[in-house]
Protein chains: 2
Amino acid sequence: MTTRARVRDAAITVFGNHGFGTGVRAIATAAGVSPGLVIHHFGSKDGLRAECDEHVLRIIREQKAEAVSTPGPAGAMQALADIEQYAPLVAYIVRSFQAGGGLGESLFEHMVEDTTQYLELGVATGSVRPSRNPAARARYLTLYNVGAMLLYLQMRADKEVPLDYATAIRDLATDVTLPALEMYTEGLLPDSSMLEAYLATEDGAAQAGAAPPVHTDSPN
Amino acid sequence: MTTRARVRDAAITVFGNHGFGTGVRAIATAAGVSPGLVIHHFGSKDGLRAECDEHVLRIIREQKAEAVSTPGPAGAMQALADIEQYAPLVAYIVRSFQAGGGLGESLFEHMVEDTTQYLELGVATGSVRPSRNPAARARYLTLYNVGAMLLYLQMRADKEVPLDYATAIRDLATDVTLPALEMYTEGLLPDSSMLEAYLATEDGAAQAGAAPPVHTDSPN
DNA sequence: CGTCCGGTTGAACACGCGTTTAGCGTACTA
DNA sequence: TAGTACGCTAAACGCGTGTTCAACCGGACG
């Protein structure tokens, strides 16, 4: 294994555990090299970060290739089990979402795409209700699930101990499964009056993908 | 208005716009004072941050006192309109959630409490379906809505321009209303088999608040 | 008038940061 | 075997940070 790769992997771990504010010296120490070498290999700290992003994204793509082969709850469970194995990656990704930067957005868009396809499949097989706007629903579900998970993890961290993502995610699942299933099967509202009222709106009709009603002062 | 308060308010604005990494000198400049005076008044940068947290929390509590008087969608709309007025506070709170520290957790717990009461009221008046575990549902809804909002805002920011929270939140609302209403009135799953399967589980029964079935190797 | 005291400043200090530079050793190459 | 390119280190540089310190200024009080 080349020294360059060792430094990169150490950086991913350290960044994931202590945030992107960590100094080059700490990364160098973790990799067992001198601070100058880090710069010599990656040009700058930002260059190192960019290469970490790239590497993480590449691993995710490879990993997704086999995860896609078994979609649905079974695949999700498998992915959850894999978390223990890929803990440093998960930590890095979470930090990346919190700190902004392209990685988070890129991963998010991939997740939206995957969710879209998974929901389409579910609708086709009858295991998921159809939606008036499948794209908006997929984006909504991704945004809410990812956002909630990030907030949960971040509120759990707080201490300087690196946080065990595997148990944290399991805890989140046990906290959330019942209300989520309730919501998914029974909804929250007892009747459809609110939804109908919104669909009668211009915005509602437009969002539903139907032809919006003619506006009072629009041409024609 | 005392200089101390001016420095504090300037710090809230600057922290909110540029993050907690901003230097003491920038805050001092924004307040029109010298860097040394900031330390003289608040002891340290952390002391300043603590006083900002305290002040923000106090304002929120005062504001909540009148917001609670008009709960429901009307109150929410009013709160949304007030955002323009309290933009610096909102920015500071968002930063506070992202950076960790007590303020975020404290506000979150308050929101869970408010949501609990609001849902109770809705159930009593028949505008919200009852839940097997109201506390878990309130926590779930708060976690998901706050988390999604934070993620949305953070993905929108990215540039160094301070970001207009009012329009961003409006955009989020238009993106999310249709799928959220669909989900709230119709759910996602076409039948209750998954929920029933979970309720038949030990965990499911425990989460639902009912007496869990006797475990095979438990006493008695 | 003299004195004191709190608010305020500007310069300075110590430190950690990312980065640069000079040089060492080693392994390949002609 | 001499030459050379490369991986690597140790030390230093410049900068920005939070914080400290001595001095100053203006008003209140004896």
Side-chain angles (χ1 to χ4, degrees), chain A residues 1-56 91-92 95-96 98-103 158-160 162, chain B residues 1-56 91-92 95-96 98-103 158-160 162:
Chain A
M1 189 183 206
T2 165
T3 304
R4 211 184 127 97
R6 241 180 45 236
V7 172
R8 177 196 1 91
D9 289 0
I12 290 176
T13 301
V14 174
F15 278 149
N17 284 341
H18 305 322
F20 293 109
T22 320
V24 174
R25 286 164 177 82
I27 297 168
T29 302
V33 300
S34 72
L37 189 65
V38 177
I39 302 297
H40 170 251
H41 274 308
F42 302 95
S44 70
K45 189 185 176 182
D46 287 342
L48 172 61
R49 164 107 191 259
E51 199 135 329
C52 289
D53 279 16
E54 193 180 343
H55 186 243
V56 168
Y92 184 92
R95 295 278 182 192
S96 221
Q98 289 170 353
L103 219 206
D158 248 4
K159 331 288 177 186
E160 60 262 16
Chain B
M1 191 185 205
T2 163
T3 305
R4 212 185 126 96
R6 244 182 39 238
V7 173
R8 182 202 348 98
D9 290 0
I12 290 175
T13 302
V14 174
F15 278 149
N17 285 340
H18 306 321
F20 293 109
T22 320
V24 173
R25 285 164 178 81
I27 297 170
T29 303
V33 299
S34 71
L37 189 63
V38 177
I39 302 296
H40 172 252
H41 274 308
F42 302 95
S44 70
K45 189 185 176 182
D46 286 342
L48 171 61
R49 164 107 190 260
E51 198 135 329
C52 289
D53 279 15
E54 191 180 344
H55 185 243
V56 168
Y92 184 92
R95 296 276 183 193
S96 222
Q98 289 170 354
L103 220 205
D158 250 4
K159 332 287 178 186
E160 60 263 15

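In this text the structure is predicted, and so the values were computed from the model without any measurement.
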(message) Keeping R25(A) on the side-chain end and P35(A) on the backbone end, is there a donor-acceptor pair under 3.5 Å?
(response)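 Flag not set: sc R25(A) to bb P35(A) has no pair under 3.5 Å.
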(request) Report yes or no: does R4(A) contribute a side-chain atom to a donor-acceptor pair with the main-chain N or O of H41(A) at less than 3.5 Å? (result)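 Confirmed, R4(A) side chain pairs with H41(A) backbone.
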(message) Within this structure, what is the CZ-CD1 distance for the pair R8(B) and I27(B), rounded to the nearest 0.5 Å?
(response)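 Atom-to-atom, R8(B):CZ and I27(B):CD1 are 13.0 Å apart.
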Please report the distance, rounded to the nearest Å, between [atom1] in [X] and [atom2] in [N].
{"X": "I39(B)", "N": "dG7(C)", "atom1": "CD1", "atom2": "P", "answer": "16 Å"}
{"X": "K45(A)", "N": "dT19(C)", "atom1": "NZ", "atom2": "C1'", "answer": "12 Å"}
{"X": "F42(A)", "N": "dT20(C)", "atom1": "CZ", "atom2": "P", "answer": "16 Å"}
{"X": "R4(A)", "N": "dG7(D)", "atom1": "CZ", "atom2": "P", "answer": "10 Å"}

(message) Checking side chain to side chain contact (heavy atoms under 4.5 Å, CB included) between D53(A) and each of E51(A), H55(A), R49(A), which is the one that passes?
(response)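 The single option meeting the side chain to side chain contact (heavy atoms under 4.5 Å, CB included) with D53(A) is R49(A).
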Among the candidates [options], find the nucleotide nearest to the side-chain atoms of [X].
{"X": "S34(A)", "options": "dT20(D), dT20(C), dT9(D)", "answer": "dT9(D)"}
{"X": "V33(B)", "options": "dC8(D), dT8(C), dT9(C)", "answer": "dT9(C)"}
{"X": "H40(B)", "options": "dT8(C), dT19(D), dG18(C)", "answer": "dT8(C)"}
{"X": "L37(A)", "options": "dT19(C), dC8(D), dT9(C)", "answer": "dC8(D)"}

(request) Assign the ring pair F20(B) / Y92(B) to parallel, tilted or perpendicular, where the plane angle (0 to 90°) is split at 30° and 60°. (result)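 Geometry flag for Y92(B) against F20(B): perpendicular rings.
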(request) Check each residue of residues 9-27 of chain A for a non-hydrogen atom within less than 4.0 Å of any atom in DNA chain C, then write out the ones that pass by number, or none. (result)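 Nucleic-acid contacts, sorted: T22(A), G23(A), V24(A), R25(A).
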(message) If I compare all heavy atoms of T22(A) with all of F15(A), which pair ends up nearest, and what's the gap?
(response)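 Shortest heavy-atom contact: O-CE2, 4.2 Å.
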(request) Ignoring backbone atoms, test whether H41(A) places a side-chain nitrogen or oxygen under 4.0 Å from the OP1 or OP2 oxygen of dC8(D). (result)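 Looking at the OP1 and OP2 atoms of dC8(D), one of them is under 4.0 Å from a side-chain N or O of H41(A).
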